[in-house]
Structure formats: structure tokens, C-alpha cells
2 protein chains.
Amino acid sequence: MSDQSFPGGHDCRAREIVDRVGDKWSLYVIATLGEETLRFTELKRRIDGISQRMLTVTLRNLERDGIIVRTMYPVMPPRVEYSVTPLGCELLGAVTALVGWAETRVETIEKNRAAYDERAAEQTEAFG
Amino acid sequence: MSDQSFPGGHDCRAREIVDRVGDKWSLYVIATLGEETLRFTELKRRIDGISQRMLTVTLRNLERDGIIVRTMYPVMPPRVEYSVTPLGCELLGAVTALVGWAETRVETIEKNRAAYDERAAEQTEAFG
DNA sequence: CGGCATCCATGCTGATACTG
DNA sequence: CAGTATCAGCATGGATGCCG
């Protein structure tokens with residue numbers, strides 16, 4: 001129990017990092033930039049559904065963590081490129097594993113959910 | 001672009017699953033139950049900081065997905081045990097990888113953040 | 001193009017109180 | 001012990017408008 005730093009919950013700093021990486025958009029930004037360096041607008045186009053604001057916020061946070069790097073070219077119109085750092089590349093592996101798992105298990109989980117909901121409905125029907 | 005189901009964002013069902021698993025407490029519940037089967041109160045005690053409500057909510061969601069299983073013994077006082085399913089065990093690997101990465105990189109990331117903030121402060125100082 | 005500032009809706013979350 | 005119910009606060013996130 002003492003050699004496991006995670007479940008015990010002592011290292012809340014790791015906790016914070018996982019929260020950050022696991023927030024609504026970070027995984028997608030990381031995965032998308034993991035393929036190739038992209039400009040802001042192109043990135044936004046690829047992560048469909050993300051708002052400009054959230055892309056900006058997510059990018060800033062990841063940049064601050066050193067997971068991605070922002071390269072600005074002082075030209076008009078502005079040209080800004082984002083790419084993953086070596087640190088971000090490490091993370092990419094874990095992210096891919098997690099997302100890969102989710103994708104292969106989508107069907108199973110949706111089936112589980114449907115079954116669960118059905119059982120719940122039966123309960124309501126019987127007692128509600 | 002067509003063979004990558006994740007960054008393209010077509011499979012929003014996987015998206016939903018990742019969101020669920022990546023929410024505030026799920027990772028911790030999964031990781032903690034990954035070690036051993038536990039009762040509600042003991043689980044709450046181990047995941048320090050979680051409220052009773054959030055533990056219940058998180059547990060229900062994970063149970064619905066089939067990631068954990070709930071076993072209730074109809075006795076007084078009530079005895080309920082939670083454990084991970086085989087499906088949850090699969091996830092455990094990815095979770096462990098992600099959290100493991102976060103733990104080994106805590107120092108690096110905090111250093112990155114500090115450096116970033118310092119640069120930001122310099123900017124403010126110079127132009128603000 | 002690549003942002004930032006503002007406003008506002010949503011909902012996640014925690015605190016509290018109550019139950020079988 | 002293992003919850004449920006309710007309420008309130010705050011963070012998250014979207015929409016809009018403006019700027020270099």
C-alpha cells in the first residue's frame with residue numbers, strides 16, 4: 001500500500017497533470033499534433049467541434065506544460081505553428097493506448113449501457 | 001486522414017468513453033479497485049478527497065459501462081463490494097501507463113510551468 | 001490568420017441533511 | 001454501512017465581438 005503512489009493519493013501533483021491531460025480537448029489536440037505540425041486554423045478544422053476559445057485555452061495549457069511547442073512567425077498575416085515536444089511524444093503513447101482501447105470497446109460498452117438502462121427501467125416499472 | 005478514427009473525430013462514441021474514463025474521479029476508482037475488491041466506505045477512505053456523492057456517481061457510471069461490478073449482500077448493515085471486471089482490467093493497463101507517465105514527469109512539468117509563468121511575468125513587466 | 005475579452009448558459013461538484 | 005435528495009458555488013465551455 002505504501003509503494004503505490006497513485007491510489008493512495010499522496011501525489012496530488014500527478015493528479016493535477018492527469019486532470020489536465022484528460023480534460024475535454026487536450027487528448028485530441030495531442031493526438032492530432034502527434035501526426036504532424038499544424039497551424040491554428042488547420043488544427044481547429046481537424047478537431048471538429050472545438051471552439052476557437054477552447055482551442056486557444058487548451059493550446060496555452062499544453063504549451064505551459066511543455067507538451068506542445070508554439071512557433072510564431074512575425075509576418076502578416078500571422079503564422080503560428082504547433083507541434084508536440086519530446087515530452088508530448090511520450091504522452092502520445094499512453095494517449096493512443098487509452099483511445100485505442102476506447103475505440104475497440106465502443107460496441108461492448110454501449111451494449112453494457114443499454115443492458116444497464118434496461119435493467120433500471122425494469123426496476124422502475126416494477127416498483128416505481 | 002481517413003484511416004485514423006480518432007483525430008478525425010468521426011467516432012464521437014469513443015470520445016464519450018474517453019471523457020467518461022477521464023473524468024475527475026474515474027481513473028482513481030479504477031486504479032484503486034484494480035488492486036483489490038473494496039467496500040464503499042473503504043474505497044472512499046482510500047480515494048481521499050472524494051465526496052460520498054461523487055463516489056456514488058462515479059461508481060454508477062463505471063458500473064453502467066461494465067468497467068466495474070457491484071456486489072450487494074442483503075444483510076444488515078448493508079455490505080456492498082466493488083471490483084473491476086475483465087473489461088476494466090484492460091483499461092487498467094492504459095490508465096496505469098498514463099498515470100505512470102504523469103508521475104515520472106511531475107517534476108519536469110512543474111519546472112516547465114514555472115518557466116512559462118516566469119516568461120509571462122517578464123512580458124507583463126516589460127509591456128504591462 | 002490567430003488570437004483575446006466579455007458575457008452567459010450549463011453542469012459538475014461539494015456540503016449538508018436524511019434514509020433503509 | 002451505503003446510499004439518496006437537495007441546494008448552492010464555481011469552473012467549464014460556447015457565442016460573440018474586437019484587435020494586431
### Query
Taking atom types as modelled and ignoring hydrogens, do the side chains of B:Tyr28 and A:Arg15 form a donor-acceptor contact shorter than 3.5 angstrom?
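Their side chains do contain a donor-acceptor pair, which is all the 3.5 Å distance test asks for.
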### Message
Check this one for me: any side-chain N or O of A:Arg39 less than 4.0 Å away from OP1 or OP2 of C:dC1?
### Response
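Result: no.
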### Task
Look at A:Lys44 and C:dG2 and indicate whether a side-chain polar atom (N or O) is within less than 4.0 Å of OP1 or OP2.
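Answer no for this pair, as no side-chain N or O of A:Lys44 is under 4.0 Å from OP1 or OP2.
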### Task
Would you grab the first and last nucleotide of DNA chain D (5' to 3') that comes under 4.0 Å of any non-hydrogen atom in chain B?
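Range of nucleotides touched by chain B: D:dC1 to D:dT6.
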#### Entry: Earlier contact from the 5' end, DNA chain D, for A:Pro77 and B:Val80
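Result of the comparison: B:Val80.
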### Query
A:Trp25 or A:Pro78: which one's nearest nucleotide on DNA chain D is closer to the 5' end?
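Going by which nucleotide is closer to the 5' end, it is A:Trp25.
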Decide yes or no for [X] and [Y]: does some side-chain heavy atom of the first lie under 4.5 Å from some side-chain heavy atom of the second?
| X | Y | result |
| --- | --- | --- |
| A:Lys111 | A:Tyr116 | no |
| B:Ile50 | B:Lys44 | yes |
| A:Val84 | A:Val69 | no |

### Message
Quick test of your reading of the model: are A:Asp117 and B:Arg64 salt-bridged, counting only N-O distances below 4.0 Å?
### Response
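Yes, A:Asp117 and B:Arg64 are salt-bridged.
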### Nearest-angstrom distance from the residue atom CD1 of B:Ile50 to C1' of C:dG14
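Spelled out: CD1 on B:Ile50 to C1' on C:dG14 is 11 Å.
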#### Entry: Atom-pair distance (CG on A:Asp19; C1' on C:dT13), nearest Å
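From A:Asp19 CG to C:dT13 C1': 13 Å.
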### Message
Once you apply a heavy-atom cut-off of 4.0 Å, does A:Tyr82 come out as touching a base, just sugar-phosphate, or nothing?
### Response
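Touches sugar-phosphate only.
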### Task
Please report the shortest heavy-atom distance between A:Leu59 and A:Tyr82, naming the atom on each side.
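In terms of heavy atoms, the two residues are closest at CG-CE2, 3.5 Å.
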### Query
Any N or O donor-acceptor pair linking the side chain of A:Gln52 to the base of C:dC4 at under 3.5 Å?
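A donor-acceptor contact between them is present.
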### Message
Side-chain heavy atoms nearer than 4.5 Å, only ILVMFWY residues, links allowed to pass through others: does that put A:Met72 and A:Leu55 together?
### Response
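As far as the 4.5 Å side-chain criterion goes, A:Leu55 and A:Met72 are connected within one cluster.
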### Query
Can you list, by residue number, the residues of residues 53-72 of chain A that have a non-hydrogen atom closer than 4.0 angstrom to DNA chain D?
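Residues of residues 53-72 of chain A under 4.0 Å from DNA chain D: A:Arg53, A:Met54.
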### Query
Which one, C:dC1, C:dG20, C:dG14, comes nearest to the side chain of A:Thr41?
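The answer is C:dC1, which lies nearest to the side chain.
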### Task
Quickly, which of B:Gln52, B:Glu81, B:Arg45 forms a side chain to side chain contact (heavy atoms under 4.5 Å, CB included) with B:Phe40? Name it, please.
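With B:Phe40 as partner, B:Gln52, B:Glu81, B:Arg45 yield a single side chain to side chain contact (heavy atoms under 4.5 Å, CB included), made by B:Gln52.
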### Query
Under the side chain to side chain contact (heavy atoms under 4.5 Å, CB included) test, which residues partner A:Arg53, sequence neighbours left out?
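If we apply the side chain to side chain contact (heavy atoms under 4.5 Å, CB included) test to A:Arg53, skipping adjacent residues, the hits are A:Ser51, A:Val57.
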